[in-house]
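Here is the structure we will look at.
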Amino acid sequence: MSDKNEKEQGDPAGSTMMFRRFVADNNEPDAAPKRPITPYVLAGVGAVLAIGIIVAVVVTWS
C-alpha cells in the first residue's frame, strides 16, 4: 500500500499525461449536429396566431 502512495507522489504528472494520451488517441466520432429549433418555434407561433384570428372572427360575428 505504501509503495503505491510513494509511486503516485514521485510522479505527480503521470496520471495527467496518461489522461492526455488517452484523449489524444480516442477516435470516438463527433456527436451529430443538433437540428435547429427555430422552424418549430415559428410554426407554433403561426398556429397560435391562426387560432387567435379564427377565434377573433367568430367572436366578432357572434
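- Atom CD1 of Ile37 has 12 or fewer heavy atoms from other residues, nucleotides or ligands within 6.0 Å.
- Hydrophobic cluster of Val59: the remaining members, joined at side-chain heavy-atom separations below 4.5 Å, are Ile51, Val55, listed by chain and number.
- Of the inter-residue distances, the one linking Ile54 atom CD1 with Leu49 atom CG reads 11.0 Å to the nearest 0.5 angstrom.
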